Asks: 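Here you go, one structure.
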Amino acid sequence: MIDLHFELQRPDFDFQVELSLPASGVTVVLGPSGSGKSTLMRCLAGLERQARGRLVVGSETWQDNPPQRKQPIFLPPWQRAIGYVFQEASLFDHLSVQGNLNFGLKRTRQPAAGLAALSQAIDILGIGHLLKRSVQTLSGGERQRVAIARALATRPQLLLLDEPLAALDESRREELLGWLERLRDEWTLPMVYVTHSLAEATRLATTLVLMSEGKVRRAGPIAEVLQQEGETLLNAQVLSKDPAWHLMTLGFQGGDLVLPDSGLPLGSRTRVRILARDVSLSRGAPQDSSVQNHWPCVVLGWSAGAHPAQVQVLLQLGEQTLQAHITARALDQLQLKPGESVWALVKAVSLVGGSSHPASA
Ligand code: ADP
Ligand code: MG
């Protein structure tokens, strides 16, 4: 297990995270930009000297410095058996691939074991044919694979990957994701993987941690977390009113929605909750439907529901995610694939805060 508890105060940012992570598999930390994902990684790596708390990795205590503790423990980064891979691989451009990998070996206390780890990493990441190349000639994805192999050569107890796909184009991302899946399945090493992409999370995660505003909102096995996340909150603003039908239109990032006029003044901000069970899907734009709210979305993926007849489909709606609980048979009939467009039809939405009456529209 990896047990952690960190607290860190910055102006306008209150970071408090407590987690217990399994000692294997990929923990994906998912959250919007600024939610504290990189801060968490830096705490794990020992790069946040101001952070208070505790970090136990397996049988080793790397940090234990709560305010009341007289003799604080805080291992510096170089004493923590961690591999750290960032958005842009920080390779030495004047060295070959092999030269860069050898640099990883220098950090291990047992060179023979490091060499064995390195050759296994070269194999799993498929970079054997690149060893003599100058790193300047590598593609972005190849650079990342070399950076990961170099990190693995140090025989870390924990591998940290902070948005490793962010600097790659779409097809390179897809390719590197395949290599990361292979690493997850063939190397028993806990990894913490930071992203703001739900698509990456659903593909890689065994454990999912949802962060916002410096706090953990939910954490657990990915299927459980997604199931609990069966609702979406949209930040919306009242755009117009239709007195003849007693309706109002709200705008949110990603579309508009219509619902019974709750009396909120024009221009006011509110939040709207949509439950996954109230979302259905259609291949084409609905035309003769009583459902007033429908938006084009992109399918991110799906996972098994609580009942074998059910699946929960994850959708991208603007920058938000939306879930639809539909039957497995409907999913089969619609023949949906990740990345495809689909219409989400929303039967019911409710205002959060303002008026709490669920509004069917
Ligand atoms: P994420 O990786 O989720 O995008 P970060 O952990 O990088 O978020 O940042 C969390 C918050 O801390 C943000 O509000 C950011 O502006 C702030 N922050 C990050 N690094 C520093 C720093 N070195 N000094 C002051 N504030 C910082
Ligand atoms: Mg970050």
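Only a predicted model underlies this, so the values are computations on that prediction, with no experimental measurement involved. Whatever order the structure lists ligands and atoms in, that order sets their numbers, starting from 1.
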Asks: Short check: is a protein heavy atom less than 4.0 Å from atom 15 (C) of ligand 1?
Replies: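 Not a single protein heavy atom is under 4.0 Å away.
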Asks: Which is it for Lys37 and ligand 1 at heavy atoms under 4.0 Å: side chain, backbone, both or neither?
Replies: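 The part of Lys37 near ligand 1 is both the backbone and the side chain.
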Asks: Mark the output for Gly31 as yes if a heavy-atom distance to ligand 1 is under 4.0 Å, and as no if none is.
Replies: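 Checking ligand 1 against Gly31, which is what was asked, there is no heavy-atom contact under 4.0 Å.
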Asks: Hey, is atom 26 (N) of ligand 1 under 4.0 Å from any protein heavy atom?
Replies: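 Under 4.0 Å from atom 26 (N) of ligand 1, at least one protein heavy atom found.
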Asks: Any N/O of Phe13 closer than 3.5 Å to an N/O of ligand 1?
Replies: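 It does not: no N or O of Phe13 is found under 3.5 Å from an N or O of ligand 1.
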Asks: Distance alone, cut at 3.5 Å: any donor-acceptor contact between the side chains of Thr206 and Arg184?
Replies: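 Per modelled atom types, Thr206 and Arg184 side chains form no pair under 3.5 Å.
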Asks: In ligand 1, which numbered atoms sit nearer than 4.0 Å to a non-hydrogen atom of Ser38?
Replies: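 Near Ser38, the atoms of ligand 1 are 1 (P), 2 (O), 6 (O), 7 (O).
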Asks: Can you check which of Leu30, Val29, Thr39, Asp12 brings a heavy atom nearest to atom 5 (P) of ligand 1?
Replies: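 Looking at heavy atoms only, Thr39 sits closest to atom 5 (P) of ligand 1.
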Asks: Does NZ or CZ of Arg52 lie under 6.0 Å from the centre of the six-membered ring of Phe15, at an angle within 45° of the ring axis?
Replies: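 So Arg52 doesn't make the cation-pi contact.
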Asks: Does some side-chain heavy atom of Leu183 sit less than 4.5 Å from a side-chain heavy atom of Leu189?
Replies: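 No, every pair of side-chain atoms sits at 4.5 Å or beyond.
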Asks: For Glu88 and Arg143, what are the C-alpha separation, side-chain angles and deciding distance, and is it a salt bridge (charged side-chain N to carboxylate O under 4.0 Å, His left out)?
Replies: CA-CA 8 Å; Glu88 308 252 10; Arg143 285 179 74 91; over 6 Å; no
Asks: Could you tell me the separation between the CD atom of Gln310 and the NE2 atom of His325, rounded to the nearest 0.5 Å?
Replies: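 Here the rounded value is 7.5 Å.
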Asks: Using 2.8 Å as the threshold, say whether any N, O or S atom from Ser33 sits that close to the Mg ion (ligand 2).
Replies: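 For Ser33, the answer is no, given that no N, O or S atom comes within less than 2.8 Å of the Mg ion (ligand 2).
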Asks: Return the residue, atom name and 0.1 Å-rounded distance of the protein heavy atom closest to atom 22 (C) of ligand 1.
Replies: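 The answer is Arg10 NE, 4.0 Å.
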Asks: Pull out every atom of ligand 1 sitting under 4.0 Å from any heavy atom of Pro32, numbered as shown with elements.
Replies: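 That gives atoms 3 (O) of ligand 1.
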Asks: Among all the protein's non-hydrogen atoms, which is closest to atom 1 (P) of ligand 1, and how far away is it?
Replies: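 Of the protein heavy atoms, Gly34 N, 3.5 Å lies nearest.
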Asks: Donor-acceptor check, side chain of Arg145 to backbone of Leu125, threshold 3.5 angstrom: yes or no?
Replies: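 Yes, the answer is positive, given that a donor and an acceptor are paired below the 3.5 Å cut-off.
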Asks: Of the options Met211, Lys37, Glu200, Gln87, which is the one that meets Val194 in a side chain to side chain contact (heavy atoms under 4.5 Å, CB included)?
Replies: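 The single option meeting the side chain to side chain contact (heavy atoms under 4.5 Å, CB included) with Val194 is Lys37.
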Asks: Working note: Ser38 + Asp162, criterion side-chain hydrogen bond (donor to acceptor under 3.5 Å, both in side chains); need CA distance, chi angles, decisive distance, verdict.
Replies: CA-CA 7 Å; Ser38 295; Asp162 193 344; 2.6 Å; yes
Asks: To the nearest 0.1 Å, how far is atom 8 (O) of ligand 1 from its closest protein heavy atom, and which atom is that?
Replies: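 Nearest neighbour among protein heavy atoms for atom 8 (O) of ligand 1, to 0.1 Å: Gly36 N, 3.2 Å.
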Asks: Heavy atoms of the protein only: does one fall short of 4.0 Å from atom 18 (N) of ligand 1?
Replies: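 Yes, at least one protein heavy atom sits under 4.0 Å from atom 18 (N) of ligand 1.
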